[in-house]
Amino acid sequence: MLGVELRGRRVLVVGGGPVAARRVQGLLADGAKLVVVAPALCEVLADMHRWGLVEWRAREVEASDLDGAWLVHTATGDRSTDDAVVAWADERRTFCVDAGTGTRGSARTPATTRHDEVLVGVVSTGSPDPRRTAAVRDAVDAHLREGRVDLRRRRPGSTGRVVLVGGGPGDLGLLTITARRALAQADVVVTDRLGPVGVVDELAPDVEVIDVGKSPGHHPVPQHEINRILVEQAQRGRVVVRLKGGDPFLYGRGGEEVVACREAGVPVEVVPGVSSALAAPVAAGIPLTHRGTVGAVHVMNGHDGWSSAALTGLRDASCTVVVLMGVTVLRELAAQAVAAGVDPATPVAVVEDGTLSTQRVTRAPLADVADRAAAVGVRAPAVLVLGAVAREGLLDAPGGPGVPTSAEHDTMAP
């Protein structure tokens with residue numbers, strides 16, 4: 001196959017039916033200057049002509065129509081006419097696609113798929129077989145969409161950019177296809193200690209990985225330095241993926257990184273991720289809303305302390321409260337909630353390593369949860385779920401087992 005640049009170059013399409021219309025649409029996307037020769041046009045082509053996208057010669061094709069054309073497509077449906085166009089193109093040494101039978105002509109159009117700046121095409125080398133080439137194209141497209149191919153640029157000079165990728169709670173299966181595609185194009189990956197860190201092992205050996213991971217009470221790389229790394233790497237013309245646990249815009253400081261990039265004039269985009277605030281409870285069999293129990297959810301950062309809305313929701317049992325980054329302040333949060341009038345018997349579930357094979361769930365009433373967590377050695381990362389939905393057995397069928405979890409400690413009263 002040969003990649004042909006058609007932008008601004010004259011291409012002749014002979015025929016005015018649906019097949020010709022499809023060819024014209026693709027050629028317009030490539031920036032070609034289109035001339036269509038046909039006695040009549042189908043509705044789609046007529047609209048293109050009316051909008052000034054194509055030139056229309058309303059008659060039968062003549063040999064002189066091929067003069068000056070870089071490429072010719074013939075799709076009249078009439079074998080003798082198509083054969084004549086192919087012959088005229090051969091005389092002029094102009095490549096010609098016979099879109100009718102495909103058995104003649106000096107060129108063929110591939111079944112294509114585009115990913116980033118890469119266009120992939122599949123053609124038959126023997127007798128034309130459009131269905132087979134389309135099936136192969138679709139299989140290649142699926143492989144590319146899943147991020148299984150290294151799509152990094154190999155030549156310098158491209159504009160650098162930053163992609164903030166939400167990696168989800170940790171299970172690689174919850175990393176989105178869009179996230180994997182972004183990683184397949186990355187020259188540099190700036191990663192945390194949370195989220196799908198295992199995906200780093202799947203990167204090509206020469207992809208640079210910069211670990212800026214934070215742990216409770218230990219922030220070796222401050223946020224302003226992370227911002228500087230992202231901007232500096234992108235300004236070197238590199239594609240930089242900032243791989244984060246959960247979602248970049250839910251307590252991920254993604255907004256600060258976007259602002260830093262935009263202030264520096266660096267293109268930046270954000271790929272949403274599955275937040276542990278949603279995924280960890282589900283993995284533990286805890287529905288954040290449940291008909292007849294609760295219909296609202298409040299998500300908070302444990303380090304920021306209680307908001308009046310969260311305390312109100314717990315006091316009147318009107319919402320589930322999910323606390324991120326709350327393990328180190330669990331005792332203070334529990335004591336403050338009880339002092340603010342929240343029922344000490346309110347169910348609490350602590351989900352460690354949500355979605356991973358090491359997931360563990362510890363349950364206790366609000367008044368006892370801090371002691372229970374200390375006794376079993378609860379450690380971050382963990383998600384706290386407070387409210388009626390955290391009660392053990394909520395989803396049990398009458399006389400049947402509940403939703404299983406990986407490992408569980410339960411001190412809830414029956």
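Atom set for the values below is all heavy atoms of this structure, side chains included, hydrogens, waters and symmetry mates excluded.
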* **Straight-line distance of Gln235 CD to Arg161 CZ, nearest 0.5 Å** => 16.0 Å
* Asked: Can you tell me how far the CG atom of Leu66 sits from the CG atom of Asp90, to the nearest 0.5 Å?
  -> 10.0 Å
* Asked: Do Val274 and Asp247 come within less than 4.5 Å of each other through their side chains, counting heavy atoms only?
  -> no
* For residues Thr362 and Glu352, determine if any side-chain heavy atom of one lies less than 4.5 Å from a side-chain heavy atom of the other. => yes
* Carefully, step by step, assess Arg57 and Val35 under the rule side chain to side chain contact (heavy atoms under 4.5 Å, CB included). => CA-CA 8 Å; Arg57 298 177 184 175; Val35 177; 3.7 Å; yes
When the side chains of residues 280-298 are checked against the rest of the protein, which donor-acceptor pairs come out under 3.5 Å, sequence neighbours left out?
unit_1, atom_1, unit_2, atom_2, d
His298, NE2, Ser307, OG, 3.4

* From Arg242, Arg228, Arg262, residue fulfilling salt bridge (charged side-chain N to carboxylate O under 4.0 Å, His left out) relative to Glu257 -> Arg242
* Considering all heavy atoms, the nearest Gly16-Ala38 contact -> N-CB, 3.5 Å
* Structure fact -> Output for pair (Arg391 CZ, Asp396 CG), nearest 0.5 Å, gives 8.5 Å
* Structure fact -> Nearest heavy-atom approach of Ala69 to Arg10 is N-NH1, 3.3 Å
* Can you tell me how far the NZ atom of Lys244 sits from the OG1 atom of Thr191, to the nearest 0.5 Å? -> 10.0 Å
* Asked: At what distance, to the nearest 0.5 angstrom, does CZ of Arg180 lie from CD of Glu202?
  -> 4.5 Å
* Asked: Is there a donor-acceptor contact under 3.5 Å from the side chain of Asp98 to the main chain of Gly105?
  -> no
* Is it possible for you to check whether Arg9 lies under 6.0 Å from the centre of the six-membered ring of Trp70, through NZ or CZ, and within 45° of that ring's axis? => yes
* What are the two closest non-hydrogen atoms of Val231 and Cys261, and how far apart are they? -> CG2-CA, 4.1 Å
* Please assess Val24 against Val36 for the test side chain to side chain contact (heavy atoms under 4.5 Å, CB included), listing each intermediate value before the final yes or no. => CA-CA 9 Å; Val24 167; Val36 177; 4.1 Å; yes
* Verdict with reasoning, Asp353 to Arg379, per salt bridge (charged side-chain N to carboxylate O under 4.0 Å, His left out) -> CA-CA 9 Å; Asp353 292 341; Arg379 301 180 63 182; over 6 Å; no
* Is there a donor-acceptor contact under 3.5 Å from the side chain of Asp30 to the main chain of Ala32? -> no
* Do the non-hydrogen side-chain atoms of Glu269 and Val162 ever get within less than 4.5 Å of each other? -> no
* Kindly say whether Asn301 contributes a backbone atom to a donor-acceptor pair with the side chain of Tyr251 at under 3.5 angstrom? => yes
* Step by step, work out the side-chain hydrogen bond (donor to acceptor under 3.5 Å, both in side chains) result for Thr76 and Asp82. => CA-CA 6 Å; Thr76 66; Asp82 288 339; 2.8 Å; yes
* Asked: Hey, what do you get for CE (Met325) to OG (Ser276), rounding to the nearest 0.5 Å?
  -> 8.5 Å
* Before giving the answer on side chain to side chain contact (heavy atoms under 4.5 Å, CB included), spell out for Leu53 and Leu34 the whole-Å C-alpha distance, their side-chain angles and the decisive distance to 0.1 Å. => CA-CA 7 Å; Leu53 299 176; Leu34 269 298; over 6 Å; no
* For residues Val189 and Leu183, determine if any side-chain heavy atom of one lies less than 4.5 Å from a side-chain heavy atom of the other. => yes
* Leu45 versus Gly15, closest heavy-atom pair with distance -> CD1-O, 4.1 Å
* To do: Verify the neighbour count for atom CZ of Arg315: are there more than 12 heavy atoms of other residues, nucleotides or ligands below 6.0 Å?
  => yes
* May I have the step-by-step check of side chain to side chain contact (heavy atoms under 4.5 Å, CB included) for Asp371 and Arg331, ending in yes or no? => CA-CA 8 Å; Asp371 288 339; Arg331 188 171 298 279; 2.9 Å; yes
* Taking all heavy atoms of Gly166 and all of Ala179, pick out the closest pair and write down the distance. => O-CB, 4.4 Å
* Asked: Is any side-chain heavy atom of Leu12 less than 4.5 Å from a side-chain heavy atom of Asp65?
  -> yes
* Give the minimum heavy-atom separation between Val163 and Ala182, together with the two atoms involved. => CG1-CB, 4.1 Å
* Does a side chain donor of either Thr355 or Asp171 reach within less than 3.5 Å of an acceptor in the other side chain? -> no
* Is the side chain of Arg92 donor-acceptor paired with the backbone N or O of Trp88 at a distance under 3.5 Å, no angle test? -> yes
* Asked: Side chains of Met300 and Asp304: closer than 4.5 Å at any heavy-atom pair?
  -> no
* Donor-acceptor pair, Glu5 side chain versus Arg7 backbone, under 3.5 Å? -> yes
* Asked: Does a side-chain heavy-atom distance below 4.5 Å link Leu333 with Trp306?
  -> yes
* To do: Would you mind reporting whether Val369 and Val350 have side-chain heavy atoms less than 4.5 Å apart?
  => yes
